[in-house]
Amino acid sequence: MVDTPHASPGPRTPGRRGRSSLRNALVVGATLALAAAGTLTALTGTASAASTLGAAAAEKGRYFGTAIAANRMGESDYMSVLNREFNSLTAENEMKWDALEPSRNSFNFATADRIANHARSQGMKLRGHTLVWHSQLPSWVTNLSANDLRSAMNNHINRVMGQYKGQVHSWDVVNEAFEDGSSGARRNSVFQQRLGNGYIEEAFRTARAADPNAKLCYNDYNTDNWSHAKTQAVYNMVKDFKSRGVPIDCVGFQAHFNSGNPVPSNYHTTLQNFADLGVDVQITELDIAGSGSSQAEQYRGITQACLAVSRCTGITVWGVTDKYSWRSSDTPLLFDGNYNKKPAYTAVLEALGGSGSGGTTGGTTGGTTGGTDGGTTGGGGTASCTVTYEQTDRWGDRFNGRVTVRAGSAPISNWSTTVTVTSPQKISATWNGTPSWDSSGNVMTMRPSGNGTLSAGSSTSFGFTVMANGNWTAPRIGSCTAS
Ligand code: 9MR
């Protein structure tokens, strides 16, 4: 399968953020020097690991964000952790309907603007949360007739998206529109009651016109377990939207976990199945009740699941510190009430390839689909795998490629494939794999970094940067060998 070409928002342009881009530039520079000396095999050992969540995620072509509360912006500890660790912000409450349009057609953007301006000043991305939601909805909305509600909804979308046009990378256009439990029904909100099923579609169409460059997401909770009715209901809606050309670009998985709603073992399957519909997936409000290593391992699993899905473009945790969490007594976040890093923090950073584990460089996000000679090779028994290639980024002197390795109908424990570039091209960086090189330096054999196990049908990706040196030919990807 080749991912649909898609211009994902991603922290992908060198120079976008000061510290990490400078470090990336140094790493690329160092690896180029090695390449010139013919010692490219040392490549992955040359990069120092990223030491913050945002930098580590950026090296994986993702963002790592947090919800922010405007009334905490005066607290220096809060702001220093926020600025150090995160590269995407979501307003926890300040962009909701009741905050922005407390009375009809009277908009108050001042507080939300402070958050948007902070994101811009720090070179951070901004997620928009949320346009159409049954909660935190002012009472004037709930009293409208059907026609008035329709025009109020569209007006709200237009005004709010207009205010942040060009700043918000992804908007939660509709939030929590399905019931919990086994019914799979639409939530019986005022929008549903007055406007019927069509309101969701109408909201997305209005949103597309209001800011054609923003990613349009449907966002919900309890949609993590693939076998749950609510997950299936949302999936069917997205599938229907894609088949009819209703504009939707992404699905947000809030990911509020606790003992009653634990991280499901099929989480990766859920993300991949949605991604396979041709939408990005984002983890939008992550928090996990608990403490210590149990909490840490669940955070690690979520992070790994996102990294294993090439269209999982970023993770947002729902707050900086346990102290200000919406469910503080569950201590669900990465920093404790004194802003100390918790084991969960370390687990996420490690899973992202940050300090404590091997360093990588580069970034991947959607882009041009490239060629592959792909193929399938059995490695014994029924083990098999396929490879697909896409170019994910291009700059004036280089491009990034991503190869997705997918197991066939049987589980595999190891895989390898080759990437051949055309001289004078040089591969200057790789991530998510263990490369080795032929004597020319043009043929890279890539094997898993660490455990190469893939369950039947599941996939993993590795990436690389090719210095074009004037030649923009797509690399040739060899067949995939599995065992
Ligand atoms: O974290 C938010 C909390 O401060 C508000 O009081 C609450 C009101 O509904 O909303 C919380 O955020 C919610 C988010 O907007 C949508 N998904 C569930 C979140 C947690 O309740």
Side-chain angles (χ1 to χ4, degrees), residues 65-73 75 78 82 86 88-102 111-112 114-116 119 126-139 141-142 156-157 160 164 168 170-181 186-192 200 203 207 216-225 228 230-231 233-234 250-263 281-290 302 314-335 337:
T66 181
I68 173 177
N71 61 358
R72 308 294 177 199
M73 290 175 74
E75 187 177 322
Y78 184 91
L82 180 98
F86 300 99
S88 175
L89 297 183
T90 305
E92 185 171 355
N93 290 298
E94 295 79 353
M95 291 193 186
K96 294 172 180 175
W97 197 317
D98 61 351
L100 294 184
E101 193 185 5
T111 309
R114 283 177 54 214
I115 293 176
L126 185 63
R127 280 199 95 255
H129 176 79
T130 175
L131 295 166
V132 180
W133 187 28
H134 68 277
S135 183
Q136 290 179 275
L137 193 61
S139 58
V141 181
T142 57
H156 185 78
I157 293 170
V160 175
Y164 299 108
V168 168
S170 304
W171 266 109
D172 292 332
V173 178
V174 176
N175 195 42
E176 302 178 4
F178 284 82
E179 297 282 8
D180 292 316
R186 305 280 167 117
R187 185 186 290 274
N188 193 22
S189 68
V190 64
F191 299 104
Q192 183 72 27
I200 302 181
L216 307 181
C217 300
Y218 176 77
N219 191 53
D220 214 328
Y221 65 93
N222 283 357
T223 49
D224 313 290
N225 191 321
H228 281 181
K230 189 171 174 181
T231 311
V234 174
C250 38
V251 175
F253 295 82
Q254 293 184 9
H256 295 294
F257 295 110
N258 56 31
S259 55
N261 177 40
V263 177
V281 293
Q282 301 174 2
I283 296 170
T284 52
E285 304 179 15
L286 177 61
D287 56 10
I288 306 176
I302 294 286
I315 298 175
T316 298
V317 289
W318 204 240
V320 175
T321 160
D322 285 342
K323 182 165 52 164
Y324 300 135
S325 164
W326 68 294
R327 46 181 191 150
S328 189
S329 60
D330 285 345
T331 61
L333 294 171
L334 301 177
F335 291 87

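Heavy-atom basis, side chains included; hydrogens, waters and symmetry copies ignored. Indexing begins at 1, ligand by ligand and atom by atom, following the structure's order. We're numbering straight along the sequence, starting at 1.
- At a heavy-atom distance under 4.0 Å, only side-chain atoms of Asn175, from C-beta outward, approach ligand 1.
- Within ligand 1, counting atoms from 1 as listed, the ones closer than 4.0 Å to a heavy atom of Trp326 are 1 (O), 20 (C), 21 (O).
- The shortest heavy-atom contact between Ile283 and Ala255 is CG2-CB, 3.8 Å.
- Remark: ligand 1 atoms within the under-4.0 Å shell around heavy atoms of Glu176 are 16 (C), 17 (N), 18 (C).
- Of the inter-residue distances, the one linking Lys96 atom NZ with Leu137 atom CG reads 12.0 Å to the nearest 0.5 angstrom.
- Only the side chain of Asn93 comes within contact range of ligand 1, with a heavy atom under 4.0 Å; no backbone atom does.
- Cation-pi check for Lys323 over Phe335 is not met; the charged atom does not lie both under 6.0 angstrom from the ring centroid and within 45 degrees of its normal.
- Screening Asp322, Val320, Leu286, Thr66 against Leu333 for a side chain to side chain contact (heavy atoms under 4.5 Å, CB included) leaves a single residue, Asp322.
- For atom 8 (C) of ligand 1, the nearest non-hydrogen atom of the protein is Gln136 OE1, 3.1 Å.
- Within the set Glu285, Lys96, His256, the minimum heavy-atom distance to atom 11 (C) of ligand 1 is found for Lys96.
- In the vicinity of Glu92, heavy-atom distances shorter than 4.0 Å reach the ligand 1 atoms 1 (O), 2 (C), 3 (C), 4 (O).
- Contact check for Trp318 versus Thr90: side-chain heavy atoms found under the 4.5 Å cut-off.
- Within the 4.0 Å heavy-atom criterion, the part of Trp133 lying near ligand 1 is the side chain and not the backbone.
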Run the numbers on Ser170 and Gln282 for side-chain hydrogen bond (donor to acceptor under 3.5 Å, both in side chains), then give the verdict.
-> CA-CA 10 Å; Ser170 304; Gln282 301 174 2; 2.9 Å; yes
